[in-house]
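Structure first, then comments.
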Protein chains: 2
Amino acid sequence: MNETVAMGMAGLTDIESLSGSLAQRVYQSLREAILSLALPPGTVLKKGALCEQLGVSRSPVSEAIARLSQEGLVDVIPQSATRVSSFSMEEIREACFLREALETTAVEKVARQRTEEQLTQLSRNVRLQRLLVEDGDFSGFYTADEEFHELIMEFTGFPGVSLVAGNVSLQLKRARMLLLPEEGRPAGAVKEHQRVLDAIRAGDPAAAQAAMKAHLRQLIPRLEPLERLHPEYFRSR
Amino acid sequence: MNETVAMGMAGLTDIESLSGSLAQRVYQSLREAILSLALPPGTVLKKGALCEQLGVSRSPVSEAIARLSQEGLVDVIPQSATRVSSFSMEEIREACFLREALETTAVEKVARQRTEEQLTQLSRNVRLQRLLVEDGDFSGFYTADEEFHELIMEFTGFPGVSLVAGNVSLQLKRARMLLLPEEGRPAGAVKEHQRVLDAIRAGDPAAAQAAMKAHLRQLIPRLEPLERLHPEYFRSR
DNA sequence: GCGCACCAACTAACATGTTAGTTGACACAT
DNA sequence: ATGTGTCAACTAACATGTTAGTTGGTGCGC
């Protein structure tokens with residue numbers, strides 16, 4: 001009757017538009033839906049239903065769910081059901097700790113071995129951030145922000161660093177979706193990024209590490225209130 | 001004819017002796033065999049053959065292989081074959097970097113929040129290490145060594161830290177199997193552990209971090225020569 | 001009304017059948 | 001002899017059938 005039926009019960013991106021094996025596409029589709037909260041915590045995922053909606057058989061769906069389970073995005077209750085995992089503040093704190101470990105160590109290394117080209121890229125990114133904030137383009141700023149951190153990790157010369165960081169920060173990424181844009185926060189973040197960049201340019205590893213730590217530490221206090229603002233997404237686990 | 005046939009082509013631990021779902025058991029069996037080099041890099045894993053040897057169907061084997069693939073222990077060539085992944089010195093360096101990031105940050109935190117109980121456990125562990133080295137029990141020392149690092153990560157209060165560290169250090173763990181016990185190295189390691197412990201006890205985060213870093217940095221130079229000592233395990237990737 | 005055993009419906013887990021892509025060998029043309 | 005096209009054999013990937021464990025409800029005993 002309405003398009004909700006046509007597209008299935010939830011906003012899964014059509015796997016036609018993705019590349020790779022079927023299992024890979026199903027995984028990406030589910031992952032994106034979970035991270036964007038289109039599939040909120042607690043949602044039950046039924047293999048049968050997913051197969052129908054995506055037009056595939058259970059094999060690729062099973063593989064996708066297995067991966068999501070390993071990454072902690074879904075909880076599989078053996079022989080019974082599988083649901084999108086709930087937030088847990090403790091897990092979020094843990095993710096912050098892990099992210100801090102990776103990024104501070106990364107920036108420390110980058111500050112020691114930076115090249116002119118890298119400084120240029122980082123500088124360009126930070127200036128872009130400033131522009132986007134001035135224009136009030138918060139979505140664009142969010143992307144540029146992520147790119148800033150991504151760049152630093154890439155510049156370590158170890159491609160796996162950002163991959164691991166991404167996996168470890170999955171819960172963080174999801175929780176950030178609940179954050180409302182806070183007055184003056186983006187501008188503050190840009191300043192902090194600038195300090196990180198300055199320290200990298202100065203070739204001061206300790207300062208870069210400290211600046212990055214100071215920046216990342218801003219996140220937890222902003223996430224803490226979520227537990228009582230959105231209790232329906234939390235608990236258990 | 002001989003027992004090699006009876007147990008299959010390779011030293012896979014019988015899944016009967018493990019717990020959990022079939023897929024889980026198959027995964028553990030394969031993982032152990034790969035990490036212990038019973039299945040050396042380059043070995044081709046055929047689903048059909050594995051099913052026969054383990055006495056299960058292809059479903060759990062597929063799931064196990066998918067997990068191993070995600071962890072980088074096997075390379076799957078689509079529609080063609082899957083083989084145990086080769087070492088790459090670059091990956092090993094990367095793993096060292098990641099491990100250093102996690103463990104130095106962990107020890108820094110632990111030095112700040114240590115309890116008497118934790119100091120007791122660490123002290124007991126280090127004294128045990130000394131005993132084992134004196135007795136020449138290198139295998140026992142290896143276990144105690146791993147436990148020391150494990151303890152520190154646990155003491156952060158974040159159970160996921162040691163899990164992540166374990167995952168990123170898989171290649172390291174495998175590469176260490178190729179290391180021959182080096183004269184005086186265990187004794188040196190004990191001394192370094194002692195320094196880490198001293199700094200933790202003193203409540204000196206910076207010193208603890210530095211001591212841990214100094215300790216972990218010993219590993220790479222010992223691993224570097226492996227590339228030419230065992231070229232058959234390296235390359236590609 | 002209330003607890004407990006039983007049962008039916010549903011689910012993930014496992015087994016097996018089918019498809020399609022890759023690889024290497026062999027015949028053939030050059 | 002050598003490069004090339006064809007093809008058969010083999011593999012992972014996908015689809016589907018089967019099993020076994022969980023869950024919630026229903027009726028029976030109390």
Side-chain angles (χ1 to χ4, degrees), chain A residues 8-10 12 14-31 34 39 42-85 236-237, chain B residues 8-10 12 14-31 34 39 42-85 236-237:
Chain A
M9 78 166 184
L12 293 179
D14 197 335
I15 60 172
E16 301 294 336
S17 62
L18 299 167
S19 61
S21 69
L22 269 184
Q24 179 73 14
R25 281 182 276 174
V26 173
Y27 164 76
Q28 282 180 21
S29 173
L30 285 172
R31 177 188 151 114
I34 293 173
L39 295 175
T43 308
V44 269
L45 298 179
K46 295 181 212 182
K47 280 187 185 168
L50 288 173
C51 294
E52 260 185 75
Q53 289 175 36
L54 296 169
V56 299
S57 80
R58 291 169 313 201
S59 301
V61 173
S62 293
E63 190 174 326
I65 288 184
R67 281 186 67 178
L68 293 168
S69 166
Q70 204 187 341
E71 290 171 348
L73 290 180
V74 303
D75 292 331
V76 176
I77 298 133
Q79 308 286 5
S80 172
T82 132
R83 59 182 67 191
V84 178
S85 66
S236 81
R237 241 151 125 32
Chain B
M9 79 165 183
L12 295 178
D14 196 336
I15 61 172
E16 301 295 335
S17 63
L18 299 168
S19 63
S21 70
L22 269 183
Q24 180 72 16
R25 280 182 277 174
V26 172
Y27 165 75
Q28 283 181 19
S29 173
L30 284 172
R31 177 187 152 115
I34 293 173
L39 294 176
T43 308
V44 247
L45 297 180
K46 295 180 210 179
K47 278 187 187 168
L50 288 174
C51 293
E52 259 185 72
Q53 289 175 38
L54 296 170
V56 299
S57 80
R58 293 174 314 219
S59 302
V61 173
S62 294
E63 190 176 326
I65 288 183
R67 281 184 66 178
L68 293 168
S69 165
Q70 202 186 343
E71 291 171 348
L73 289 181
V74 303
D75 293 331
V76 176
I77 299 132
Q79 309 286 5
S80 172
T82 132
R83 58 182 69 189
V84 178
S85 66
S236 82
R237 239 153 129 31

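This is a predicted model, so every value here is computed, not measured. Proteins get letters first, then strands, A, B, ... in listed order; numbering begins at 1 in each.
For B:S69, the side-chain contact (heavy atoms from CB on, under 4.5 Å) partners two or more places apart in sequence, or in a different chain, are B:V74, B:V76. With sequence neighbours excluded, the residues that form a side-chain contact (heavy atoms from CB on, under 4.5 Å) with B:S59 are B:S57. With sequence neighbours excluded, no residue forms a side-chain hydrogen bond (donor to acceptor under 3.5 Å, both in side chains) with B:T82.
Within the 4.5 Å cutoff, the side chain of A:V61 has no heavy atoms near those of the A:L45 side chain.
Shortest non-hydrogen contact noted between A:T43 and A:L39 is OG1-C, 3.8 Å. Nearest heavy-atom pair, A:S62 versus A:K47, reported as atom, atom and distance to 0.1 Å: OG-NZ, 3.1 Å.
In terms of position on DNA chain D, the residue among A:G55 and B:S80 whose nearest nucleotide sits closer to the 5' end is B:S80. Mapping B:I77 and B:S21 onto DNA chain C by nearest heavy atom places B:S21 closer to the 5' end of the strand.
The span of DNA chain C lying next to chain A, judged by atoms under 4.0 Å from heavy atoms, is bounded 5' to 3' by C:dT11 to C:dA13.
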Chi angles and distances behind the side-chain contact (heavy atoms from CB on, under 4.5 Å) call for A:L30, A:L12: CA-CA 7 Å; A:L30 285 172; A:L12 293 179; 3.9 Å; yes
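In this structure, the NZ atom of B:K46 is 16 Å from the P atom of D:dA9, given to the nearest Å.
Within a heavy-atom distance below 4.0 Å of DNA chain C, the residues of residues 57-67 of chain B found are B:S57, B:R58, B:S59, B:P60.
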Report all side-chain donor-acceptor pairs from residues 22-29 of chain A shorter than 3.5 Å, counting only partners two or more places apart or in another chain.
{"from": "A:Q24", "atom 1": "OE1", "to": "A:R67", "atom 2": "NH1", "distance (Å)": "3.0"}
{"from": "A:R25", "atom 1": "NE", "to": "A:G20", "atom 2": "O", "distance (Å)": "3.2"}
{"from": "A:Y27", "atom 1": "OH", "to": "A:R31", "atom 2": "NH1", "distance (Å)": "3.2"}
{"from": "A:Y27", "atom 1": "OH", "to": "A:E71", "atom 2": "OE1", "distance (Å)": "2.9"}
{"from": "A:Y27", "atom 1": "OH", "to": "A:E71", "atom 2": "OE2", "distance (Å)": "2.8"}
{"from": "A:S29", "atom 1": "OG", "to": "A:T13", "atom 2": "O", "distance (Å)": "3.0"}

